[in-house]
Amino acid sequence: EPHLTFMRETMGIMQHHDAVTGTEKQKVALDYAKRMSVAFRACGTNTRSVLNQLSTNEGAQPGRRRRSAYPFEFKSCSLLNISSCSVSESNEPFAITLYNPLAHPANEYVRVPVLGYNYVVTDYNGAELNTQVVPVPAGVSKIKHRASVAKYELIFLASDLPPVGYKTFYVQKSDTDRGHMNPSSAPRKT
Amino acid sequence: SSLISIGNKDLQLLFDTNGFLTEIQADGMARTISQEFLYYVGAIGNNEEFLNRSSGAYIFRPLDNKVYAVATQVDVEVYKGHLVEEVHQKFNDWISQVVRVYRDKPYAEFEWLVGPIPIGDRKGKEIVTRFKSDIQSNGVFYTDSNGREMIKRKRDHRDTWNLKLHEKIAGNYYPVTTKIALEDDTARMAILTDRAQGGSSLEDGALELMVHRRLLHDDAFGVGEPLNETEYGDGLIARGKLHLIYGQPIQKAIERQTQLETLLPPWRFFSSMSAYTVDEWR
């Protein structure tokens, strides 16, 4: 509850006319950004707790011992807009969970920052999805304070996300060379 | 052909040899369109006179009503696959963009990256992106009201008094929360934004939106400091998306649907799976 209340209070502050229009002093803008960041981080604990309760792996594998109370991280990556995410940029397999806040099904092209271009995306049925890889745009990779090693964005279509519900996808590096996915730009025509 | 094209079965975008967008094919039409980045130089005023204030946090006020182009040629790279086709454009050292069309989406996405805006010439700059079509809009365009109904705007006009505009650019700018659009009997062009922006239609068939600004003088309306965000070093870099929807004038349902999906996208959560194989995860 205190986490949610901090977000509520922050959202209250963000209704001030200076916050809405951007006419606050620079120091105040920095404070707004800090409050929003803390509020999102605090509420991340709530979403992690809820999603772990919804997606418990007991039952699916009888007798399997749970590794911890909250086995999955369900981390938010707030710098995805500049193709940066510590989880997807590691060499480990990872899962991406998409929660659809709309009251109707949605289809979403998901873009995930990754290190290479040989990846397999699997849905909950075990079906392998079509994927595509494109390079992170040069303008983004040159951003001075972007602490990211991702060179590519992995793209796949998350179709039929249920209304106010979620789907999860498993992403892993492929052992076999999927060289056909190596993105190369079309030759410049003159 | 010297043209670059990207698209899907419903929508095609063509680019000229200089790297600029030049044509759109959608809804059975092939129409002329262009898109570029421009900037206004912020006015420097005498803040003691009410009608002669500087451009600042509260007001947009370009110097001399002039606009400047940022590039005459764009470096491009084209990537085509079975899910998305995209053109990476570099306009200059501080403006770049990705234009993309997904396989089964009815819109084109323009993901812009602007900044840090250079101020070495001691001039404040306000950067806009302008889409220019051949639609005969007769000065009429529409902006939304907080994502709800659309409000009709007419260039150089107010409904309830005879208007004499002294500042033709700033006087025609309106707030845009999610959408700006114009149309004629044959075609309609709508641009959806991902954040509140200023926007206008300064000539028939053209829509423009302000994407970033950096100013060196306070406008004396209260904030007491210029809009010059140097806390992170060289000034801020901003990145955002515009969605262009083009078609017959009746296609507004697509705009509403796209508006919902882009403003309320799925939340993403990442979990390391180093301890689980794909079968264990399932």
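Sequence lines set the chain letters: A, B, ... in the order given, protein chains first and strands last, and positions in each chain run from 1.
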Pairs of heavy atoms under 4.5 Å with chain A: top-ranked of [options]:
options	value
B/His88, B/Glu111, B/Gln257, B/Glu225	B/Glu225
B/Ile95, B/Leu260, B/Val98	B/Leu260
B/Asp219, B/Val87, B/Thr277	B/Thr277
B/Ile237, B/Asp93, B/Asp104	B/Asp104

Give a yes or no on whether the backbone of [Y] and the side-chain of [X] come within a donor-acceptor separation of less than 3.5 Å.
X	Y	answer
B/Arg239	A/Asn81	yes
A/Glu92	B/Ser274	no
B/Arg282	A/Asn125	yes
B/Lys90	A/Gly139	no

Proximal component of [X], with respect to chain A [non-hydrogen, under 4.5 Å]:
X	result
B/Leu113	side chain
B/Ser96	side chain
B/Arg213	neither
B/Gln97	neither

Looking at [options], which makes the most heavy-atom pairs under 4.5 Å with chain B?
options	value
A/Asn91, A/Ile82, A/Val134, A/Val110	A/Val134
A/Phe74, A/Tyr109, A/Tyr166	A/Tyr109
A/Asn100, A/Val171, A/Asn130	A/Asn130
A/Asp123, A/Leu102, A/Val112	A/Leu102

Please assess B/Phe270 against A/Glu73 for the test side chain to side chain contact (heavy atoms under 4.5 Å, CB included), listing each intermediate value before the final yes or no.
CA-CA 7 Å; B/Phe270 293 82; A/Glu73 298 167 286; over 6 Å; no

Is A/Val28 in contact with chain B via its backbone, its side chain, both, or neither, using a 4.5 Å heavy-atom distance?
neither

With only heavy atoms counted, which part of A/Leu161 is less than 4.5 Å from chain B, the side chain, the backbone, both or neither?
side chain

Rounded to the nearest 0.5 Å, what's the gap from [atom1] on [X] to [atom2] on [Y]? Could you check?
X	Y	atom1	atom2	result
B/Leu83	A/Phe156	CG	CZ	10.5 Å
B/Trp281	A/Thr168	CH2	OG1	6.5 Å
A/His145	B/Asp234	NE2	CG	6.5 Å

Less than 6.0 Å separating the ring centroids of B/Tyr276 and A/Phe94?
no

Name all residues meeting the side chain to side chain donor-acceptor pair (under 3.5 Å) criterion together with B/Tyr174; count only those two or more places apart in sequence or in a different chain, and write none if there are none.
B/Arg158

The complete set of side-chain hydrogen bond (donor to acceptor under 3.5 Å, both in side chains) pairs with one or both residues in residues 9-22 of chain A, sequence neighbours excluded, reads A/Asp18-A/Thr23, A/Thr21-A/Thr23

Do NZ/NE/NH1/NH2 and the carboxylate oxygens of B/Glu109 and A/Arg111 come within less than 4.0 Å?
no

So that I can tick it off, tell me whether A/Glu108 and B/Lys105 are bridged by a salt bridge, with the cut-off set at under 4.0 angstrom between side-chain N and carboxylate O.
no

Heavy-atom side-chain contact between [X] and [Y] under 4.5 Å:
X	Y	result
A/Gln26	B/Pro226	no
B/Arg268	A/Tyr99	no
A/Thr47	B/Phe269	yes

Ignoring hydrogens, what is the shortest heavy-atom contact between B/His82 and A/Gln132? Give both atom names and the distance.
N-OE1, 3.5 Å

Heavy-atom closest pair (B/Ala57 atom, A/Gly22 atom, distance to 0.1 Å) is CB-O, 4.3 Å

Between B/Tyr102 and A/Asn107, does any side-chain donor sit less than 3.5 Å from a side-chain acceptor?
no

